[in-house]
Amino acid sequence: MEVALEDNNLMENILPPDEQEIDVELEAKEKKYLRGEGANLESLKDKKLKTQLASREKLYGKSAKAAAKIEKWLLPASAGYLETDGLEKTWRIKQTDIAKEVDILSSRNQYDIVLPDFGPYKLDFTASGRHMLAGGRKGHLALVDMMNMNLIREIHVRETVRDVAFLHNDQFFAAAQKKYAYIYGRDGTELHCLKERGPVARLRFLKNHFLLASVNKIGQLHYQDVTYGDMVASIRTGKGRTDVMEVNPYNGVVALGHSGGTVTMWKPTSQAPLVQMQCHPGPVSSVAFHPNGHLMATSGKERKVKIWDLRKFEEVQTIHGFHAKTLSFSQKGLLAAGTGSFVQVLGDGSGNYSRYMSHSMVKGYQVEKVMFRPYEDVLGIGHSMGWSSVLIPGSGEPNFDSWVANPFETSKQRREKEVHLLLDKLPPETIMLDPSKIGAMRPSRRKDKPTRGEIEAEKEVAVEAAKGVEMKKKTKGRNKPSKRTKKKKEMVENAKKTFPGEEQGNVAGKKRRIGEVDAAELPASLKRFARKN
Amino acid sequence: MGGLKRKSSSSAKSVAKSKKKKKGPHLPNSILKVIADQKRPLNSDEEEEEDEIDSDDEHGGDLYEYEEGVPEEESRKNNRYDRHDNYDYELPDDFEDENVESEDDDFDGGNSENDDDDDDDRHTRMLQSLTGMPSAAFQGESKSKPVLFTEAYPEGEFNPTRDVLEGKNVLTEEDFLAPLEGKPGYHKTSKQIARMRKDTKHVVHAPLPKPQRERLERKAVIGLVDGEFSKWVHLVKKNREAPTVYFNQEVDLGYSTVGAIASEFQPRTEFEKKMASLLNDSEVSEAHRDDGARLLELNEVSMEDHIKKRDHIAKIRNLLFRHEAKSKRIKKIKSKTYHRLKNKDLKKSSLGALMDPEMAKEEAMRQEAKRVEERLTLKHRNTGKWAKRMVRLGLNAKYDATRAAIAEQLQMNANLSRKMHSMGDGSSSDESDDEEGLNDGSDEDTPSRLIAKAKEKTLKTMEDDEVPNAGLMSLPFMARAMKKKNEEANEEAKRALEEYEEWENSGGENSKKPVSVSGRRVFGATAKVEAPKESKKDSDNFYDNSDSDNDMAGVEDNDMEDVRDNASPARNTGTITETEKFDDAAGNQASKTTFDVAMFASGSWKKMTSCKNTESKKESKKTRAPISQSQDKKGSRDEESEDSESEAEEMVDGVLASASKETFEIPSQAELINRAFAGDDVLDEFEKDKEEVLNQEVPKPEKPVLLPGWGDWSNVQRKRGISKRMVMEHEAEEKERKQKLKTRKDARLKHVIISEKVDKRAEKLHTTTLPFPHTSKEAFEHSMRMPIGPEFNPSTVVSELNRPEVVKKTGVIIKPVKFEEVNPNDEVDDEHPRNHQKQRSKKKTGKRQGKVKSK
């Protein structure tokens, strides 16, 4: 409250230029937290509702203001960035150059782990970025604490491992192995064997819904609730085998890339895809979603990367001559793409994605998976010879929210969080393209009534048509002009009759009037029979 | 006539109008006579009164008072009579009156009339003398001469005469005063009038017309009411618009401490008042405040009080002594009868039971015994001789007393045999009783019925051995094997049947035997069964009695029930042994199970087709068995090798994949072209897909077709083709479909299919109607856009966002709205003035800072 009061005082005074600037900045932030504009209250007729909504709007404003202020003044860290002078280009800067400039703690994040035996590695980070899971194709599973580079657990399953995924925290992870998918505990014990899914190609975990989604070799998409183990949905995509699968973090919709160049989006409550998009003429090799859920990046085998706006389902940008085997968006919206032994990071400068940084590894390394580490400016690269970590300034969110994900979580906090997550678990039907519509009015299945204007327009057209009708030439005195005009009039009247509308009201009025007139005109002896109104 | 009547009634009041004499209607003489006769005595009093009031009216009133039915001619009903008849007598008197009254009248008319009057007078006088009746009775008679009419209707207050209307004959004060001249009081009145004329100030104007007056009144009232109500407007507005209405401002929960309650104490009763007077006695308090020496003085007891107290003590002591003496005497009594009776009395009163725990125990024991006895004998269950007789004779229905007695007995029975909750062991014994009863029942019907059942079953299974005509079982060699098996089974069944018949013939004697033998008796071709049976426990002798019993064993057996049921048809194919074995295995050797199960399963192939509900279970068992076998056989080495093999395969696959995956080298032009061509195909396919989806979601209308044979009899009809109406309808449908397709989200996006299927499960997440105060969808959805939970808002706002509309403490009485001055310019204060809350919120802000940010 105090802060608010101070602010009011400030507003009254004439502000010095610095503070004016701050004010503008704050306003921009406030707008972000207001989530769109309030309704137009002027159009409301109910005064009570109007004032109530106005007071509510005021509270929202207060809340947004508080949030903006906290963001402005209290968040400790700011995002990193690369600053170049003159003709220097950001993509020419190498990791070695960066290493010289950054602090020791950050420079420790540049490393290569060489594990040549167990071949291309898949990576996954927990939501907080504290833990990393690496799964070697040939059966090597490693759980690493990234904070102190401590190998928590390493197991060898002696089977092909196609994909790995953390469940809601570092305590559990799933691995798609040769025949079945398995769930392991943090200490490497096998907890479950998920036989129902068959040989799984890709695994993804939907955090808010506690669903483990997987697509198997025969193109079946499965959703399994990991809280009580029920198979929520089992969908046959009918598009053949695929190993391209990604979850839209904004709405929980799962996207699959197919060999026909289509990307399909799915939810567990419907057997048909929500959206099918023809993205590429050739097979889709990878898909990635921007954290705000509005952008999707796809790459096709025809050496193109496309960026799509998911609100309009339109292509925003095409990046030519670049084939990405794997794509990943960072929290701040950088897009990393890996091919061969080359990784490129695209930055979102002025609406268009363009080269920001690039990193090439030793020749012969095959990049399998790139993934940004949350809350750190680090990009993890899983490749055929182990995994590497490079610094990408400005990729991670600088300030973590301990209520959302806390890298420094204690075990007690973790347990508390787990309970909260379970309590806040969303049912599978909340997965939809636009989750902001939840709680709103149900979209009407069809257009209920044509508007008055439409009716009028249609009527006019019909009348015109009736007028334009060519009359037959009749004989025997039926072709008189008077008859013709009469007939024409009749036709126009008929055309008008087919459009109901105000006439109904008029008819009722007419009826009433007729009754009244009757009562007045009746002879005295019959008056008593007249209808009383 | 009406006009006349009015006049007569008002004649008493208006002095000015009652002038001269009135002429009544022209009535026949006879009627007049009758009227006069009848009226006279009745109206004599009235007449006198009237005479007193106005002397000049003579007796005219009498006649006009009479309410005569209107003659037909006059009522003008149906217009049967000419109108001009009325001119004779309708209005002349009024007319005349008017003329007489106005003094401006010309003399000639007056003279001629006077002459007429003279004639009239004479005539009436003559009549009077002849008939002996008053002249008034004949006054109207002579009115037969023509009269001049200038008005077509009677004069009245609503029908002014013409001259009044024209303004010629306006009445002035002088007109009224003139006749009074010379009379006493005239002078005074004229003076007053003169004064009034001069004084224009105090002129009272004529009242406004009613509607105008009322309008003015309403205006005034509206102003008043508006003022009164508009005072409240701000208050009401404030209350309506407040996001929260509080009813916890003046909470008076009364006293919180004992001291506070005590301080408000008011002595009410006599005793309290006395105490209060003593406590508040100034003398006493003073004495306390001093040294206390005076307290002794005040403590004086009067002689009277002392004596009273002493007497009371003496009385009490005396009573005590007497009681003691009495008990001593009773104790000395040696008669046993007396003591017994006394004790009995004590017990009966049940007071003793309450007093003495031992007695209570005894009582309880007795009650328990009674209960047991009741349950054993069922004495009170209308099983007695008397009760039976009563019921038989129907006396219980006849006599109330009997019925009551029987009901009482039943009640007693219910009471006694009801389970006591307090007794733990009672219930268990009950249960065992029940079980016993059940066993008894089953024991009774074993012999004959069970045999019959077994027979029935065997027959049934013999009948329904059909060969399945699909799947594995339909293969020829399987069929052959099945046939063989069936034959065997049939033979066995026949044998069993024979045996059953034998059994039946031998009767119940046989059935008793095995029970007495105590071991088991085995029937039929069960030679090989006997060996494993040795291992059976003795405890299950119940279904070791006989094989037929075993068929029924499903009733009792819990563990193996379903398995046994499955096997029931297989039993006659010699699998009785198997099931038994199965039992054994389940009981003793766990290791053997799998094998047995496998066998069992193979034995009951046939069953699989017929009974579906057990299918899955069996199948699982079957599958498990081979697996386990294979495990036994192969061992772990094989599996490993298999694994390694597959792994190697995969690895090759992986290597291959990695090798084939393109690297940095740019693909050749040819390859690119290839891909482009491949892409074209893909696009086409997608379009087809889209078409399909659209057809599914917005189905195409059916084309109009004729039923074959209808409407194509002749060439003409054929030429004409499908009727216009159908074509039109089809076109309309097509149009509608096009419209629908147009409104789809993916209408303009060639490369996208957006499903518009309605997700029924997600529908519950939307509202179907707008919640109450909202009327516009847009406003509602905008108001919903912000989350209101504590995760998204600072705590200061959260409480306000989520506060209920009405905050009320329990027990607060909500009073009607009180008027208070409200400044209309004040904004609605939505912050509740509660300081402690604010402080708390301030503390929390620091903690929450991280929270709000990344939402």
Side-chain angles (χ1 to χ4, degrees), chain A residues 1-2 35-36 38-39 43-44 46 48-49 51-53 55-56 59-60 62-63 66-67 70-71 74-75 119-120 137-138 159-160 178 260-262 269-270 272-278 281-282 302 313 323 325 340 342 366 384 397 399 401-404 429-430 432 438-442 445, chain B residues 240-241 243 646-647 650-651 654 658 661-664 675-676 678-679 682-683 685-686 689 749 751-755 757-759 761-763 765-768 770 773-786 791 793-794 796-797 800-801 828 830 838 842 849-854:
Chain A
M1 291 325 287
E2 256 179 27
R35 296 156 200 262
S43 62
L44 290 177
D46 189 347
K48 186 181 177 186
L49 178 66
T51 42
Q52 279 182 350
L53 284 183
S55 72
R56 194 145 266 258
L59 288 178
Y60 289 158
K62 245 191 214 170
S63 171
I70 283 164
E71 193 192 331
L74 296 179
L75 293 188
R137 179 103 186 154
K138 284 162 198 158
E159 262 190 340
T160 314
K178 186 184 161 233
T262 52
T269 50
S270 108
L274 284 172
V275 178
Q276 299 181 52
M277 298 169 74
Q278 183 71 42
E302 88 283 10
F313 296 103
H323 168 242
K325 190 178 184 303
F342 188 68
Q366 298 290 322
S384 56
E397 175 69 44
N399 300 294
D401 182 348
S402 63
W403 292 71
V404 174
E429 53 264 26
T430 55
M432 53 178 78
I438 290 175
M441 278 281 283
R442 181 184 293 173
R445 290 198 187 167
Chain B
R240 265 174 72 80
E241 294 179 351
S646 62
E647 206 175 344
E650 283 293 325
M651 276 200 282
S658 62
K661 258 155 214 160
E662 57 179 315
T663 51
F664 350 90
R675 276 182 201 163
V682 163
L683 286 177
E685 237 164 64
F686 187 79
D689 275 0
L749 302 167
H751 60 280
V752 179
I753 308 169
I754 301 169
S755 162
K757 271 185 187 165
V758 181
D759 186 359
R761 282 172 72 192
E763 270 194 342
L765 301 170
H766 299 288
T767 58
T768 46
L770 281 173
H774 287 279
T775 45
S776 95
K777 187 184 161 193
E778 192 241 339
F780 167 63
E781 276 170 13
H782 272 282
S783 74
M784 295 282 294
R785 78 184 192 282
M786 286 282 279
E791 289 93 348
N793 293 296
T796 44
V797 182
E800 279 177 49
L801 277 173
V828 178
D830 35 75
K838 277 184 193 170
K842 219 194 281 173
Q849 42 125 336
K851 183 75 231 96
V852 183
K853 186 218 66 203
S854 68

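Below, chains carry the letters A, B, ... as their sequence lines are ordered, and counting in each starts from 1.
- The contact between A:A440 and chain B is made by backbone and side chain atoms together, counting heavy-atom distances below 4.5 Å.
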Hey, mind stepping through A:L53 and B:H774 against side chain to side chain contact (heavy atoms under 4.5 Å, CB included) and telling me if it holds?
CA-CA 10 Å; A:L53 284 183; B:H774 287 279; 3.9 Å; yes
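- Not counting sequence neighbours, A:Y60 has no partner by the ring pair (Phe, Tyr, Trp, His ring centres under 6.0 Å) test.
- Looking at A:T262, the atoms closer than 4.5 Å to chain B (heavy atoms on both sides) all sit in the side chain, from C-beta outward.
- In this structure, chain B has a heavy atom under 4.5 Å from the backbone of A:P273, while its side chain stays farther away.
- With a 4.5 angstrom heavy-atom cutoff, B:L749 touches chain A only via side-chain atoms.
- The two residues B:A779 and A:A39 come nearest to each other via the heavy atoms CA-CB, 3.4 Å.
- Looking only at heavy-atom pairs under 4.5 Å with chain B, the residue among A:I438, A:L49, A:L44 that has the most is A:L49.
- Within the 4.5 Å cutoff, side-chain heavy atoms of B:L801 are placed close to those of B:N793.
- Evaluation of the ring pair (Phe, Tyr, Trp, His ring centres under 6.0 Å) rule for B:H751 yields A:W308 as partners, not counting sequence neighbours.
- Only the side chain of A:M432 comes within less than 4.5 Å of a heavy atom in chain B; its backbone stays farther off.
- With contacts defined as side-chain heavy-atom distances shorter than 4.5 Å, the pair A:K62/B:T796 does not qualify.
- Note on B:K777, B:R785, B:R761, B:M786: by heavy-atom pairs under 4.5 Å with chain A, the leading option is B:R785.
- Using a 4.5 Å heavy-atom threshold, the side chains of B:V752 and A:Q278 count as separate.
- For a residue to count as touching a neighbouring chain, one of its non-hydrogen atoms must lie under 4.5 Å from one of that chain's; by this rule A:T430 touches chain B with backbone and side chain alike.
- The candidate with the highest count of non-hydrogen atom pairs below 4.5 Å against chain A, out of B:V797, B:I753, B:I754, B:T768, is B:I753.
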